[in-house]
Amino acid sequence: MDRALALDGDRVRAVAWHPEHGRSGQVEEFSIAALPARLAEEPADTRWVWADAAELYPRLLRAGTRVSQAVDLRLTHQILRRARAASRSPMATAADSAWDAPPLPLDDPGAGETLFETAPAGSLDLAEIIAEHERQQHTLATLPDPHRGKLRLLCHAESIGGLIAQELNHAGVPFSAAHHDRQLRELLGDPGPWGGRPSRMEALCQQVRAALNSPQLNPDSPVELIRALRRAGLQVTSTRQWELEQLDHPAIAPLLEYKKLARLHSANGWTWLDTWVRDGRFRSDWVAGGVVTGRWASRGGGALQLPRQIRSAVRAEPGWSLVVADAAQLEPRVLAAMAADEAMAQACRGADLYQGLVDAGVIETRQQAKIAVLAAMYGSTSGEAGALLPRLARAYPRAMGVVESAARAGERGEQVTTWLGRTSPVPGQWWQDAQAGAQQPDSGREEERRARQAGRDWGRFTRNFVVQGTAAEWALCWLGDLRRRLSTIRDDEGAAPELVYFLHDEVMVHSPAGCADEVAEAVRAAARRAGELLFGRFPIEFALGVAVVDSYEKAK
DNA sequence: GCAGAGGGCGCC
DNA sequence: AAAAGGCGCCCTCTGC
């Protein structure tokens with residue numbers, strides 16, 4: 001049984017909704033404060049339906065209440081809306097005019113194509129929630145097989161992801177501010193007295209100024225820096241690390257060191273620590289489905305870019321462990337499975353796919369295998385990568401066929417879909433303009449070049465979209481199934497493990513030390529389940545690295 | 001004084 | 001030497 005919830009000020013309205021009979025029962029109304037108790041009365045298999053997990057779930061979590069499942073209408077809408085619009089998507093074959101009915105209440109009038117391009121819409125009332133849910137369920141129910149099953153799985157997993165994002169926000173990553181502070185002082189020196197440069201950075205800055213004979217130089221300004229370097233006789237076109245590394249000059253070593261520290265200072269220095277770390281937890285705002293490909297995003301704190309340099313400050317609490325797991329070479333494995341490429345799947349058997357390619361005699365060295373595989377998924381064609389691609393194409397024509405045809409579709413401006421049915425956006429106006437420009441009677445070589453370039457660029461995007469997006473689907477299923485398994489694990493004292501971090505193909509669980517091994521096994525079991533959910537009996541292995549550690553730095 | 005663009009770099 | 005997908009965030013600089 002579904003039960004829809006709507007928030008209206010500090011009141012909650014709820015009504016039961018049966019998937020086959022439509023709405024049923026009386027509308028109840030109660031205060032927001034009574035919601036946790038009301039949820040606790042409901043059978044555990046109730047599927048809640050709400051506009052958006054971010055609206056209600058944080059309050060429930062603060063009140064100590066968790067829900068096992070809840071349809072997130074916003075996330076589901078996002079998937080279905082774009083799928084419906086795509087000409088070659090599974091949705092296109094569904095005879096469903098209901099989905100064409102615009103504008104849906106979740107849409108902000110005048111907004112761009114995706115809901116995420118706009119500020120969060122206001123909350124929906126109960127009638128709107130029921131109507132939206134009915135439309136979504138109807139759309140899903142009328143799809144032909146196998147799209148129905150796949151898209152249902154995707155929407156379900158996405159909604160669970162919406163819950164998990166809020167649960168991660170609530171939990172936070174265990175983080176030792178004292179340890180981080182010690183590390184900052186070691187690397188950067190003492191913090192500047194009035195927000196100035198820390199002492200080691202200041203010393204390096206002076207060295208650079210002296211070596212370049214530019215006493216006023218601000219090394220944070222690329223314009224000033226290029227000017228000063230040129231004055232010193234160095235022909236530079238940018239201040240990028242790789243370009244500076246090529247130069248032979250006494251200013252370069254301290255400059256590179258300075259830039260490294262400046263990055264640490266601005267991105268994860270004391271200001272960051274004060275802003276994002278509180279009570280021993282680093283808290284960001286996770287955004288499930290925040291990226292077009294289905295990957296997650298984060299708002300604030302740079303949760304998805306936590307530098308390796310500072311990961312030693314991520315520490316389990318005393319008596320607890322971190323169970324850190326990452327999926328090895330997830331994207332090429334996903335590609336092998338979605339292409340049903342048995343030869344490539346054979347090379348995936350083992351912890352190291354790249355070595356698998358070497359052992360299969362496809363490519364000579366592991367390094368070359370890595371370059372070739374990344375090139376296949378990202379669409380690079382030049383240099384060493386380009387030269388290696390024909391080897392892959394000969395050995396694994398099915399897998400290469402999948403990414404090649406996705407690229408060709410993108411070059412034509414068409415949309416592509418992931419394995420479960422997430423659809424890529426249409427190229428923007430700039431792309432249409434470039435194509436139209438080359439069609440004009442007076443268009444010249446420059447216009448044609450631009451159109452071809454835009455086509456190739458979009459082809460690289462769609463090529464990567466199918467792989468990155470399907471990998472995100474695998475990871476979402478992995479995460480969702482792991483969450484279910486964790487809910488039954490406790491140590492001898494009744495303490496429960498909790499998910500605290502998710503990074504595309506990597507998860508972290510903060511677990512009582514006494515059940516950490518059980519958690520590690522759950523992580524492995526969830527990965528196997530994710531593979532089955534997506535690819536059924538197709539024999540593809542998703543190798544995991546799993547570590548039980550006290551600090552994140554020891555995980556890899 | 002603020003918004004947005006671009007450079008640069010961290011993560012996958 | 002630069003290349004090849006997806007991001008977020010900080011800094012500087014520009015333009016209003």
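In what follows, chains carry the letters A, B, and so on, assigned in the order in which the sequence lines appear, proteins first and then strands, with residues in each chain numbered from 1.
- Here A:T239 reaches the OP1 or OP2 of B:dG8: one of its side-chain N or O atoms lies under 4.0 Å away.
- A salt bridge is defined here as a Lys NZ or Arg NE, NH1 or NH2 lying under 4.0 Å from an Asp or Glu carboxylate O, and A:R295 with A:E473 fails to meet this definition.
- Checked by atom type, the side-chain pair A:D220/A:Y258 shows a donor-acceptor distance below 3.5 Å.
- Between the CD atom of A:E473 and the C1' atom of B:dC12 there is a distance of 17 Å, given to the nearest Å.
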Below 3.5 Å is the cut-off: list the nitrogen or oxygen pairs between protein and nucleotides 10-12 of chain C, distance only.
residue	atom	partner	partner atom	Å
C:dT12	O3'	A:S221	OG	3.4

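- You'll find a donor-acceptor pair under 3.5 Å spanning the side chain of A:R295 and the base of B:dC12, going by distance alone.
- A:Q305 places its CD atom 19 Å from the P atom of B:dG8, with the value rounded to the nearest Å.
- Taking the six-membered ring for Trp and the full ring otherwise, A:W272 and A:H180 have centroids separated by under 6.0 Å.
- If you take OH of A:Y501 and P of B:dC11, they are 10 Å apart, rounded to a whole angstrom.
- Between A:I371 atom CD1 and C:dA4 atom P the separation is 14 Å, expressed in whole Å.
- A close approach under 4.0 Å does occur between a side-chain nitrogen or oxygen of A:K259 and OP1 or OP2 of B:dC9.
- Note: CG (A:L388) to C1' (C:dA4) measures 14 Å, nearest angstrom.
- Straight-line distance from the CZ atom of A:R456 to the C1' atom of C:dG5: 16 Å, rounded to whole Å.
- Within 4.0 Å of A:G302, counting heavy atoms only, lie sugar-phosphate atoms of the nucleic acid but no base atom.
- Stacking of A:Y378 onto the six-membered ring of C:dG5 is present: less than 5.5 angstrom between centres, less than 30° between planes.
- Pairs of residues two or more places apart, or lying in two chains, never qualify as side chain to side chain donor-acceptor pair (under 3.5 Å) while including a residue from residues 377-388 of chain A.
- Distance CH2 (A:W458) to C1' (C:dA4): 16 Å, rounded to an integer number of Å.
- Taking a 4.0 Å limit (strictly below) on heavy-atom distances, residues 460-471 of chain A reaches DNA chain C at A:R460, A:F461, A:N464, A:Q468.
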